[in-house]
Enquirer: 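Got a structure for you, questions after.
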Amino acid sequence: MPDNSFDVVSKIEIPEVLNAVQQALKEVLQRFDLKDSHSNIELNEKDNKILLTSKDEFKLKAVVDILESKLVKRHVPLKGLSYGELIPAAGSTVKREITLQQGIAIEKAREIVKKVKDSKLKVQASIQGDFVRVAGRDRDTLQSAIKLLKESDFGIDMQFINFRTN
């Protein structure tokens with residue numbers, strides 16, 4: 001009977017993203033090379049998306065670099081961002097949508113469970129909606145499972161929370 005457990009999640013702190021967006025927008029408006037570029041950064045908290053607009057692709061790249069630097073300073077993992085296609089917009093401007101990852105996709109969750117099961121550690125991994133719960137008898141085995149998952153690259157940012165001991 002498993003007594004101990006932890007959850008593997010992939011979440012981005014929206015308040016930190018909001019602060020980073022505000023700081024990046026402030027810098028974009030102050031930078032001389034981005035003057036008259038009609039650059040803008042909008043955060044849609046409901047859909048977990050950031051919309052970037054600018055005059056051309058080069059200036060949009062500069063805006064993305066500014067935003068990424070502000071996100072890194074606020075400890076928001078860049079692995080949790082997925083970039084959309086470059087979309088031409090009205091008035092010869094370009095747009096790009098960045099989706100913030102909240103939760104682990106089912107395919108990635110299956111990869112995590114498979115990795116844990118293939119490791120032959122005495123733990124059980126189960127998919128619980130948008131996170132994976134790993135349960136085991138002793139804490140040392142769970143620590144080994146965390147180490148194993150940290151060393152593996154699933155292409156997503158993972159946090160290990162709710163480490164419970166009964």
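Owing to the predicted nature of the structure, the values given are computational and were not obtained by experimental measurement. Residue indices begin at 1 and follow the sequence shown.
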Enquirer: Would a single hydrophobic cluster contain both L78 and I14, if residues Ile, Leu, Val, Met, Phe, Trp and Tyr are joined by side-chain heavy-atom contacts under 4.5 Å?
Expert: yes
Enquirer: With a sphere of 6.0 Å drawn around NZ of K61, does it hold more than 12 non-hydrogen atoms of other residues, nucleotides or ligands?
Expert: no
Enquirer: Do L51 and V76 sit in one hydrophobic cluster, given that two such residues count as connected whenever their side-chain heavy atoms are within less than 4.5 Å of each other, even indirectly?
Expert: no
Enquirer: Applying side-chain contact (heavy atoms from CB on, under 4.5 Å) to R110 and V113, what does each step give before you reach the verdict?
Expert: CA-CA 5 Å; R110 285 187 185 128; V113 170; 5.7 Å; no
Enquirer: What closest approach, in Å, do S39 and V28 show between heavy atoms, and which atom pair accounts for it?
Expert: CB-CG1, 3.6 Å
Enquirer: Of all the heavy-atom pairs spanning I41 and A24, show the shortest one and how long it is.
Expert: CD1-CB, 3.7 Å
Enquirer: Any chance you could measure L142, atom CG, to K147, atom NZ, to the nearest 0.5 Å?
Expert: 15.0 Å
Enquirer: Work out which heavy atom in Q128 is nearest to a heavy atom in R133; give both atom names and the distance.
Expert: CG-CB, 3.8 Å
Enquirer: Any non-hydrogen side-chain atom of L60 less than 4.5 Å from a side-chain atom of E57?
Expert: no
Enquirer: Could you give the distance from OG1 (T53) to NE2 (H38), rounded to the nearest 0.5 Å?
Expert: 10.0 Å
Enquirer: Using side-chain contact (heavy atoms from CB on, under 4.5 Å), reason through I50 and L100 one step at a time and then give a plain yes or no.
Expert: CA-CA 8 Å; I50 300 173; L100 305 172; 4.0 Å; yes
Enquirer: Considering non-hydrogen atoms only, spot the tightest contact between E45 and L18 and give its length.
Expert: OE2-CD2, 4.0 Å
Enquirer: Within a radius of less than 6.0 Å around CD of E13, do more than 12 heavy atoms belonging to other residues, nucleotides or ligands occur?
Expert: no
Enquirer: CD of E111 to CD1 of I104: how many Å apart, nearest 0.5 Å?
Expert: 11.0 Å
Enquirer: Drop me the distance from N44's CG to I98's CD1, to the nearest 0.5 angstrom.
Expert: 13.0 Å
Enquirer: Measure the spacing between CZ of R74 and CD of Q23 and express it to the nearest 0.5 Å.
Expert: 4.5 Å
Enquirer: How many angstroms lie between CZ in R96 and CG in L52, if you round to the nearest 0.5 Å?
Expert: 8.0 Å
Enquirer: Judged by atom type as modelled, is there a donor-acceptor pair below 3.5 Å linking the side chain of D56 to the main-chain atoms of F58?
Expert: yes
Enquirer: Is the backbone of F154 close enough, under 3.5 Å, to the side chain of K108 for a donor and an acceptor to pair up by distance?
Expert: yes
Enquirer: Hey, is the main chain of L71 close enough, under 3.5 Å, to the side chain of E16 for a donor-acceptor pair?
Expert: no
Enquirer: What do the steps show when you test L148 against K115 for side-chain contact (heavy atoms from CB on, under 4.5 Å), and what is the final call?
Expert: CA-CA 8 Å; L148 171 81; K115 182 77 172 180; 4.1 Å; yes
Enquirer: Would you say S10's side chain and D157's backbone share a donor-acceptor pair under 3.5 angstrom?
Expert: yes
Enquirer: Is it possible for you to say whether I146 and L121 belong to one hydrophobic cluster, with membership spreading through side-chain heavy-atom contacts below 4.5 Å?
Expert: yes
Enquirer: Does some side-chain heavy atom of K11 sit less than 4.5 Å from a side-chain heavy atom of Q159?
Expert: yes
Enquirer: Write down the atom of A109, the atom of V132, and the distance for their closest heavy-atom approach.
Expert: CB-CG2, 3.8 Å
Enquirer: Can you see which heavy atom on A62 is nearest to which on R31, and at what distance?
Expert: CB-NH2, 4.4 Å
Enquirer: In this structure, are over 12 heavy atoms from other groups packed under 6.0 Å from D118 atom CG?
Expert: yes
Enquirer: With no hydrogens and no angle check, is any side-chain donor or acceptor of N162 less than 3.5 Å from a backbone partner on F6?
Expert: no
Enquirer: Is there a path of hydrophobic side-chain contacts, each under 4.5 Å between heavy atoms, that joins V94 and L25?
Expert: yes
Enquirer: Evaluate N48 against T99 for side-chain contact (heavy atoms from CB on, under 4.5 Å), listing each step before the verdict.
Expert: CA-CA 6 Å; N48 291 324; T99 306; 5.6 Å; no
Enquirer: Is it possible for you to say whether F131 and I156 belong to one hydrophobic cluster, with membership spreading through side-chain heavy-atom contacts below 4.5 Å?
Expert: no
